[in-house]
Every structure is written in C-alpha cells, then in structure tokens.
There are 2 protein chains.
Amino acid sequence: MKKRLPDPEESATDAAARAAWLYYVGGLTQDQIATELGVSRQRAQRLVSKAMAEGLIHVRLEHRIAGCLALEAELKRRYDLKTVRVAPRLGEGADPTHAIAPVAASVMERFLRQPEPQTIALGTGRALRAMVEELPKINCEQHKLVSLIGNISPDGTASNYDVIMRAADKLNARHYPMPLPVLLDDPEIRRSFYALPQLKIVALLAAEADVTFVGVGQMSESAPLYVDGFISADDLREERALGAVGEIASWCFDSQGRFLESRLSRRVGGLRPGGREGAHTIGIAAGPEKVTPLRAALKGRLLNGLVTSEQTAEALLS
Amino acid sequence: MKKRLPDPEESATDAAARAAWLYYVGGLTQDQIATELGVSRQRAQRLVSKAMAEGLIHVRLEHRIAGCLALEAELKRRYDLKTVRVAPRLGEGADPTHAIAPVAASVMERFLRQPEPQTIALGTGRALRAMVEELPKINCEQHKLVSLIGNISPDGTASNYDVIMRAADKLNARHYPMPLPVLLDDPEIRRSFYALPQLKIVALLAAEADVTFVGVGQMSESAPLYVDGFISADDLREERALGAVGEIASWCFDSQGRFLESRLSRRVGGLRPGGREGAHTIGIAAGPEKVTPLRAALKGRLLNGLVTSEQTAEALLS
DNA sequence: CCAGAGTATGAGCGAATGCTCACTCATGTG
DNA sequence: CACATGAGTGAGCATTCGCTCATACTCTGG
C-alpha cells in the first residue's frame, strides 16, 4: 500500500518547502495551507516551522539603515578599511552573533558571485559558523575554499565549528581543509605535519587568497580558545602575561595588534591570515567582549574589513 | 524642540527597516519591538507592515521542490530550452503572476550579477512588472537596460506597466526606454519616429541583447492588449481571424508560433525580441489563459527560456 | 486667526499562531 | 509475543497579530 515517498526525509523537506512557499510568498494562512496540502492545520504549522528551522527560508532586508551607514563610514575612515558592514541592533539581550550572521553572509556572497575563480580562506568560530549557516545555496565550482586552521579538536573529533565543510557543502566549491589538530604540542610532529605535500598546497592557496574571513577571539577569562578546551588555563595565563588581548585563528596578538611569538604560537596548527597583495581580510565579530580585541586588531591592521553589530561599532568608535 | 528627522520620509523608512529587521531577523514580538524602539505596539505593527509593503523584506526559499524540478526538466527537454524555472503552486485562487515573480526575479538576478556588461532587453506587462518589483537593489552600472516597446499609452500618459524605469531605478543601470507610443496608427509618423537617432540606438542595443525578458499575452477576449485599451475590439477580431493566439511585445503570432504580418503589426511601435546569436529570450508568464499562447510561442521557438507556474507547466506538458 | 481636510495615533477585538500535552502507532527488544 | 521507546499527530489554549474605528493632530487655505 506504499504510494510514493521514495525518501521520507526528502519528501518531508519538500513538503516543508512547499508549505513555507505558500506561507511566505503566497501569504496564505496556515489553515489554507492545510487545506491546500491536505493535512491538518497543526501539521501545516509544523511544516512551516520546520522549513524555518532547516534554514530553507532566507529573509533579507533591502534597506541600509541610516544610523548603521554612518557607523560604517566612520569605521572605514578611522581604521582605513576596505569593507565595513554594521548590522542593526537586535535588542538588548540578543546574541550579537545572530545579528551579524546574515550581514556577513551577504558580504561573502558578493565574493562568491564573481565568475572569476576566487580563493577564499576561512578561519573558524561561532561567528563564521553562523555566517555560513546563512549563506544561500550557490553553485561556486569556480572558487576554492581553504581553511586557515586545523579541524581536529583536542579530543580527536572534528571540530564543531568546522565551517569549511559546511560552506563547501552549500557552495559546491573545491575545499582544502587542514587535516591537522588545532594545536600540536610536539614541535617535531608539527614540523613533519607541515612537511606534508597536502599542507603545502593549502598554505600556498591561503597565501594567495583573494579574501579571508576570520573570527576574532578575546583572550579574557571567557576566551573561546579556553572555553572550548583548546588551550589550558595555564596557556591562557601565559599568553595574557605576554600582553595577549585577542586571537585570530589561534594566533594571539597584543593591544597594538602585533602577533605574539610565544610557546603557544609555536604550537598552533594553522596558518596566519594573509592572502595576496591587496586581498581582503575581513573580521566577523560582535559583542562587548570583542571590543578590545577588535580595536587591537584594527589598530595593528590585521584586518582591512569588518562585519560587526551596531553596539560593537559604537563601542569601537567611542 | 526638534531633535532629529532631517527627512521625515527617510526616517520613517529607516524605522520601518529597523522594525522589520527586529521582527524577521531578530524574531522579536511586536511588543518587544515597540519597547525597543520606544513606540506603541500599533506603531511597531505598522512599521513592520510598511516595510513589507515597500518591499524592504525579501523572502527567498532555498529549496527546489522536487515536483517543480521534474517539470522543469521535462519542459527543457520537450521544447529544447536553455532556461526553465517553475514556481510552486500557490493555492487555487491565487494570482499566478504573484507566484512566478520572485522566481523570475532570481533568474534575472543571475544575469545582473555578471560583472561583464550585459545588455538586457525588457518587454512589458504585469508579469514583468511584478518581476521587477521583486528585484533586490543591486548596483549594475555596467549593464544596459533597453526597452522593446513604447511606453506611451493611447491616452498619452506613460504606461503603467513601464518596467524599465522601475528596473533602472533599482539597479542604477543605464536605460534606454522607447520614447514612442505603443501603437502608431499613421505609417508616416511611424517611419519618421523610427528614423530618430535615439531610436536607432535602442534598436541596435536590442538586436545585440544578451538576454531578453518578455511577457506573453493571450489574444482571447481577455487579451491584455485589448483590456488595457491598446487595441480596439476590431483590431482584436481581425488578428484572431488571421490566426493570432498570442503576442509578445505586441507582436502577434499564430498557433505555430509564427509572427503575423498584419495591419496591426504595421502599427506596432516597438522592436521584435531578438538579441545576439545565442542570446537568451525568456518568457515570463503563468495562468490558464497563457497556456495556448505559451505553447505556440515555444513551438515556434520564439522563446528559449521560460518562467512559469506549476499549474501552467503541467498544462503545457499535458 | 479660524475652519476644514487629510493623516497619524491608540484602543479594542476577532482571527491566526505556536506551544503544550495526551495519545497513537510503528519499531525494536527482552 | 508482550512491552518499552520514541517519533509523529491532533486538540486545547494562551499569546500575538492585524484590522477597524473613533479621536487627535497638523497642515493649508481663507
């Protein structure tokens, strides 16, 4: 008595997409959708929210809010940046990462839409992960995605914030992950890893990247590197004693935006953000705890592009 | 006691955009938005719906529904088309133009995203108008928009469905409208119009267009040309007697998709859709009354691309 | 300065929404 | 074969939304 459903998973998403289309584009009420699809109202509601949850629905605001534009202009001038986008505030308690994600995605999309092959380097972190989540599906087989940082957690599993796989999945682009732990304690092993031909390719690509997207981590007690278990409390203390106020792709820098040479920096399994001459290096970060590291990174010209939130932009300028 | 508001118009849209951002991206309730912006709930509601009405919010579905994909593939094969998009059905009573508009816009966007200068020719009609309405703002100064058809109504006003101005406005592209009535009754006047140098430029551009977007009109009693008062009942009868089943940019064709030479065709103030060798000619049309003209146009290879609705696609294939 | 018209604002209310809870049914396990 | 488990389903209900109406306010012309 089976009728259709070659793949129950697929057809569920299909129905969800259909319901969402009727809801958002058609403007039908959920009752009408239920009638249309021949299901109960509750099911229609669930389909719509499923479509939402699966990110099938992308909402875009076609208007640059004046207040944010002013902040962008001022940031651009003050820090001599090439690219700046400021996302409007999303209420007090809201997660700023959530606010900047769609804006960051639209910045990345501009590069992805180029028909000329682009090499796009990616760091990691919550902000980048959220950005990639907001990307639409585009066919980008002409581009290359390259990871700046190892994707192996200390416990041996692939890192949760491994953005490059997700991105490559959505974009159908060639991708070059770093088959490397985030930190390599033994310098000998580190050297031998770096000697791998695959790694050399990745390093070469990253050095010639047209654009690099990175998160920016604070080095306070809430340092993501520490909270996520990549570095120990001792490591953190040591770096802070050396003046570290932030990190980009695990490379710590001080309040002047100078990368630190330290015990930790000699263990990092990854590449410094760089790229070819004139390339874009865009930081994606927002939140009060990011103000100090962002200010340092901008001062040291570690970044020439920025996507942040309205509050963070104000703080950076104050 | 004035505080800000340099331009009340601007700041209203700004507030609307902010409210819409909070609503759609932040997922706040309208009460929360009201608190956030310091206005009443009703005002928040009005801001959100204003943002909607002004088209600040664009919703996109990131999923190609399986059933529609199948229809696209079949249409592509059957009529040997280059581009086909089928929009999912939007309930029985819904306006099919509304359903296809966002899909058509995304097709057009693909061309607009090209950095190489494109020449894009546009017809008129409700479907094209709706498509343009759904376009996002993109800076396309490298492209040229050229109109295939005059924009002057019989009553002397600029036509309501003048899509090219709207499009150019959104895209910041150079545009070449046809400063010409839709129909020119006096052949002498027509000749002298065509001799105008401006018109020659437009004709040249249209003939070299990379892509042409046109609506497809039926020639039944509900013919848009007739309903909108461009042609008389006598004209309509005469064309139908000659076998006309549809029209593209006012050029009538028969059931085999052959353009008719007729009294009417000698009065048309416009250009035939054409374009350079290998160009795209994409028809945007949906609805039961479009099935006959679409089938004819496809048979006669007047189009090599199509954006239509699920129902229309099914009808075309049955 | 006043009068009138058109527009923005806030209250109220019915409809729509989404969340929770109890239930069913299919699947897998002892 | 009985039973546990868990995903999916439908009903009820509190919340939220969007529409209408009465009112206040502003702008313009006399």
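Below, read A as the first sequence line, B as the second, and so on, with proteins coming before strands; counting in each chain starts at 1. Just so we're clear, the structure is a prediction, and the values are computed from it rather than from any experiment.
- Between Arg18(A) and Glu310(B) there is a salt bridge, since at least one side-chain N of the basic residue sits less than 4.0 Å from a carboxylate O of the acidic one.
- Between chain A and DNA chain C, the heavy-atom contact criterion of under 4.0 Å yields a 5' to 3' nucleotide range of dA16(C) to dT20(C).
- Listed by chain and number, the residues in a salt bridge (Lys or Arg N to Asp or Glu O under 4.0 Å) with Glu72(B) are Arg64(B), Arg85(B) (sequence neighbours excluded).
- A side-chain donor from one of Ser222(A) and Gln218(A) sits under 3.5 Å from a side-chain acceptor of the other.
- Salt bridge annotation for Lys137(B)-Asp169(B): absent, with no cationic side-chain nitrogen under 4.0 angstrom from a carboxylate oxygen.
- Partners of Arg166(A) under the salt bridge (Lys or Arg N to Asp or Glu O under 4.0 Å) rule, at least two apart in sequence or in another chain, are Glu133(A).
- In this structure, Val214(B) and Ile282(B) have side chains that are not in contact, with every pair of non-hydrogen atoms separated by 4.5 Å or more.
- Side chains of Ser318(B) and Glu314(B): no donor on one and acceptor on the other come within 3.5 Å.
- Between Arg46(B) and Gln42(A), the one whose closest nucleotide on DNA chain C sits nearer the 5' end is Arg46(B).
- Read 5' to 3', the first and last nucleotides of DNA chain D with an atom closer than 4.0 Å to a heavy atom of chain B are dT16(D) to dT20(D).
- For Tyr226(B) against Glu221(B), the heavy-atom pair with the smallest separation is CD2-O, 3.6 Å.
- The existence of a salt bridge linking Asp228(A) and Arg126(A) is confirmed by a sub-4.0 Å separation between a basic side-chain nitrogen and an acidic carboxylate oxygen.
- Using a 4.0 Å heavy-atom cutoff across all strands shown, Arg43(A) reaches sugar-phosphate atoms only and no base atom.
- Listed by residue number, there are no residues of residues 23-39 of chain B with a heavy-atom contact under 4.0 Å to DNA chain C.
- In this structure, the salt bridge (Lys or Arg N to Asp or Glu O under 4.0 Å) partners of Glu74(A), at least two apart in sequence or on a different chain, are Arg77(A), Arg78(A).
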